[in-house]
Amino acid sequence: MELGTLAVAAIGAIFGVGATLVTDFVRSRREQDRYWGETKRSVYARFLTSLAHTHSRMIVGAFRDHSADVRRNKVHDAFHSDPQHSDAAAMLRELAIVAPDHVYQAALPVYAQLRIIRETLAAESLRPESTEYAGVRDPFLAGMEALQKVMRNDLQPPSSRHR
């Protein structure tokens, strides 16, 4: 009987240790997934914010009555110099590290469209209501909306993505 009791105790201990290891692994994985989700959420928000702020700073420089050289410099400065040190190019590089490839690939055309806006505003004296400006602004805003949806979908838990 003593040998049987010892065997049952050993099996119970092995089962207990195994259950504890599985529980710890699951908890650790859940915490890691939560941290990674928070990191992506932060980078996604900062990238979208940097795109919007860059666009806003560029139009402030472009839609004032400046000479062509001053306007061009103001637009380029607005694109390259972010007072919060999170310019769109730097945020795109951070996004490339953190985001899954499908999110990064969705961000590239939006960033490219922002550069087209920069070149258009720097090259021509436009008004906010001009068709030329609307022709470059509208695809940018539509791209921002589409990118935001891709990012939001990526941040959803796997169980709610397919609903």
Side-chain angles (χ1 to χ4, degrees), residues 24-163:
D24 286 348
F25 175 77
V26 169
R27 183 180 310 125
S28 172
R29 182 63 181 203
R30 186 173 41 241
E31 288 174 10
Q32 185 180 27
D33 289 347
R34 186 178 52 80
Y35 174 76
W36 189 242
E38 289 171 8
T39 300
K40 288 195 308 184
R41 179 178 287 110
S42 174
V43 171
Y44 291 178
R46 289 195 336 252
F47 181 67
L48 292 171
T49 300
S50 73
L51 291 173
H53 285 178
T54 300
H55 178 248
S56 295
R57 287 191 314 274
M58 287 190 309
I59 61 175
V60 165
F63 294 149
R64 299 253 165 87
D65 290 327
H66 297 297
S67 68
D69 287 340
V70 170
R71 182 189 67 253
R72 184 174 36 261
N73 288 339
K74 287 195 173 288
V75 169
H76 281 277
D77 285 348
F79 184 84
H80 293 289
S81 303
D82 183 356
Q84 296 175 348
H85 308 292
S86 59
D87 65 278
M91 289 306 306
L92 181 66
R93 287 189 290 279
E94 190 172 344
L95 187 73
I97 294 169
V98 172
D101 192 55
H102 74 280
V103 174
Y104 177 67
Q105 293 302 322
L108 289 175
V110 179
Y111 179 76
Q113 189 63 36
L114 184 65
R115 292 178 62 155
I116 291 169
I117 291 172
R118 177 194 66 193
E119 295 308 315
T120 302
L121 293 175
E124 302 178 52
S125 179
L126 301 173
R127 302 302 324 149
E129 64 278 355
S130 70
T131 57
E132 294 88 356
Y133 173 60
V136 294
R137 178 202 59 215
D138 292 349
F140 171 72
L141 295 177
M144 286 273 290
E145 184 69 27
L147 177 58
Q148 183 176 314
K149 288 178 183 176
V150 169
M151 290 174 167
R152 187 180 320 123
N153 186 49
D154 182 56
L155 292 172
Q156 297 300 316
S159 61
S160 64
R161 283 187 197 160
H162 303 290
R163 290 183 182 171

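Quick caveat: nothing in here was measured; it's all calculated off a predicted structure.
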Going from [atom1] on [X] to [atom2] on [Y], what distance comes out if it is rounded to the nearest 0.5 angstrom?
X: His102; Y: Asn153; atom1: NE2; atom2: CG; answer: 6.5 Å
X: Arg152; Y: Gln148; atom1: CZ; atom2: CD; answer: 5.0 Å
X: Ile59; Y: Lys74; atom1: CD1; atom2: NZ; answer: 14.5 Å
X: His53; Y: Asp87; atom1: NE2; atom2: CG; answer: 13.5 Å
X: Leu92; Y: Phe47; atom1: CG; atom2: CZ; answer: 5.0 Å
X: Tyr133; Y: Ile117; atom1: OH; atom2: CD1; answer: 6.0 Å

Practice item. Starting from the C-alpha separation in whole Å, work towards a yes-or-no answer on side-chain contact (heavy atoms from CB on, under 4.5 Å) for Phe140 and Ile116. Key: CA-CA 9 Å; Phe140 171 72; Ile116 291 169; over 6 Å; no

Practice item. Using a strict cut-off of less than 4.0 Å between a Lys/Arg side-chain nitrogen and an Asp/Glu carboxylate oxygen, indicate whether Arg72 and Asp69 qualify as a salt bridge. Key: yes

Just wondering, do [Y] and [X] contact through their side chains at under 4.5 Å, heavy atoms?
X: Met58; Y: Leu114; answer: yes
X: Glu119; Y: His76; answer: yes
X: Arg118; Y: His80; answer: yes

Check your understanding: Between Phe79 and Tyr111, how do the two ring planes meet: parallel, tilted or perpendicular, split at 30° and 60°?
Key -> tilted

If you take all heavy atoms of [X] and [Y], which pair is closest and at what distance?
X: Ala78; Y: Thr54; answer: O-CG2, 4.0 Å
X: Arg71; Y: Leu121; answer: NE-O, 3.1 Å
X: Leu95; Y: Ala107; answer: CD2-CB, 3.4 Å
X: Leu48; Y: Met144; answer: O-CE, 3.7 Å
X: Lys40; Y: Asp154; answer: NZ-OD2, 2.8 Å
X: Gly61; Y: Val75; answer: C-CG2, 4.4 Å

Practice item. Please identify each residue that fulfils side chain to side chain donor-acceptor pair (under 3.5 Å) with Asp65, with sequence neighbours left out. Key: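 Applying side chain to side chain donor-acceptor pair (under 3.5 Å) to Asp65 gives none.
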
Point to revise | Pairs involving residues 93-110, ordered by first then second residue, that meet salt bridge (Lys or Arg N to Asp or Glu O under 4.0 Å) (sequence neighbours left out) | key: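 Sorted result for residues 93-110: Arg46-Glu94.
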
